There are 2 protein chains.
Amino acid sequence: MPQTGRPRAFDAEAALDRAVEVFWRQGYEGASLTDLTNAMGINKPSLYAAYGNKEGLFRKVVARYADVEMAYARDALTQATAYEVAAAMLRANVVALTRPDRPAGCLSIQGGTACSTENAGIAAFLAASRLAGEQALAERFARAVEEHDLPEGADPVALARFVSIVTEGQAVHAAAGVTRAQLEQAAEIALHAFAAAAYPDRPVSSTGR
Amino acid sequence: MPQTGRPRAFDAEAALDRAVEVFWRQGYEGASLTDLTNAMGINKPSLYAAYGNKEGLFRKVVARYADVEMAYARDALTQATAYEVAAAMLRANVVALTRPDRPAGCLSIQGGTACSTENAGIAAFLAASRLAGEQALAERFARAVEEHDLPEGADPVALARFVSIVTEGQAVHAAAGVTRAQLEQAAEIALHAFAAAAYPDRPVSSTGR
DNA sequence: TTGCTTTTGTACCGAGCGGTACGGAACTCC
DNA sequence: GGAGTTCCGTACCGCTCGGTACAAAAGCAA
């Protein structure tokens, strides 16, 4: 595989990271190619050669975002118990949504929940990727039932949906400028709910961190 | 105030309702003037004469949406107890998000959580209007503390924030196509959490409706 | 009928959109 | 030092965007 020709003058992965921020802040439709190329430090033909087109770039951006910024979600799944999984997920999510060196909120929602008809696929793609994360969580909770960590009556799918809904609400709230401390407070309430719903027969201790 | 001149040939309020649907489905930036005028059955000069410009139309659309589609939220505030307020809010929200004759989700989020830099004001406007609803809820819960409905230690602001976060997460989920029954299940879990957080000393009964 | 006022439809505006043609520049292989 | 290959920068494409000029149409008052 002979690699000849003029070498690329930019770091494709670093440029992708710049694009992540632009889409994160402005959404798919709100980010113009000019915004993107300016932030990435390249011009349009380079962008098209390296990433295909705007949609191709966006999909690579989402993949990169999932790799880098959503690592906490995969880590959370490795916790020992369902409760710890939920706790890690909710708490780390709040931290990720409010990092001072990142745009507030999450790309998966900021990218676009509604689009023009011609870009409807973008919103659907993002929705599907969110639901995939929810399903992974549901599978982890199902394992917890098998392991008798969660009681037999627990509904792994419903629990995962609840956790996922809270993380999405947190993301919307974070994008509106709500502070990390305020979101953490809400995460603890949600976690309390998770415990009550997951272990319905067990008495619930008082709320609080 | 003499009303002379050629009379308007369309119902401005009915046309506004058509515009609500377009912005609800496609978001502010995803809805073009062509999309809007086609749906409203008018042409551009009529739109500009009646509503100012695209942003003016959008603000009128949001106001109309708040009047018509968010009535349930104001109704919920009139419930007798904080718990009933939260229950009415969460349950009615699910119904509103999944009406078969309406776009899925809510305009306040579908309208745009992220926008191009020149339309950043739109996202901020929507965020502010959501937070205003949350504040109304917080005031209702504060009243509940005064009335000794909620215990003295309860935090009305945090409770309102939690409820608000769940409704927003539900909206994102609904827009992704999650069914009403699935959202209702999550609402009940959240409601359970609300009870535990609002009445921390009281024992919690098992989950379920 | 004659003004006067307002709305309507058409046709158009400058600007920005996503995307590309093309020539020169920078590299490897022979 | 070509020859071949790939990338970079400029300049441009057709199209759609939000917004408007203008004249005909439709109402009122006199």
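Here the structure is a predicted model, which is why all the values come from computation and not from measurement. Order of the sequence lines sets the chain letters (A, B, ...), proteins ahead of strands, with each chain counted from 1.
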Item to complete: Whole angstrom is fine here: how far is it from NZ in A:Lys44 over to P in C:dC22?
Response: 17 Å
Discussion item. Assess whether a salt bridge exists between B:Glu69 and B:Arg64, defined as any Lys/Arg side-chain N lying under 4.0 Å from an Asp/Glu carboxylate O.
Written reply: no
Worksheet item: Hey, does B:Ala49 reach any base, or is it just sugar-phosphate, or nothing, if we go heavy atoms under 4.0 Å?
Response: nothing
Worksheet item: Rounded to whole angstrom units, what separation is found between the CE atom of A:Met40 and the P atom of C:dG18?
Response: 13 Å
Item to complete: Output yes when B:Glu184 and B:Arg91 qualify as a salt bridge under the 4.0 Å nitrogen-oxygen rule, no when they do not.
Response: no
Worksheet item: Going by distance alone, is a donor N or O of one side chain under 3.5 Å from an acceptor N or O of the other, for A:Gln170 and A:Asn93?
Response: no
Discussion item. I need the CD-P distance between B:Glu29 and D:dG18, as an integer number of Å.
Written reply: 10 Å
Fill in: Residue met sooner reading DNA chain D from 5', once B:Lys54 and A:Asn43 are mapped to nucleotides
A:Asn43
Worksheet item: Over how many whole Å does the gap from B:Asn119 atom CG to C:dC17 atom P extend?
Response: 12 Å
Discussion item. Classify B:Ala31 by what it touches in the nucleic acid, base, sugar-phosphate, or nothing, heavy-atom distance under 4.0 Å.
Written reply: sugar-phosphate
Worksheet item: Starting at the 5' end of DNA chain C, which residue's closest nucleotide do you reach first, A:Asn53 or B:Arg6?
Response: B:Arg6
Practice prompt. Find the distance A:Ile42:CD1 to D:dT10:P and express it as a whole number of Å.
Written response: 14 Å
Worksheet item: Does the base of D:dG4 carry an N or O that pairs as donor and acceptor with the side chain of A:Thr4 under 3.5 Å?
Response: yes
Practice prompt. Examine the side chains of B:Glu55 and B:Asn119 and answer whether a donor and an acceptor come within less than 3.5 Å of each other.
Written response: no
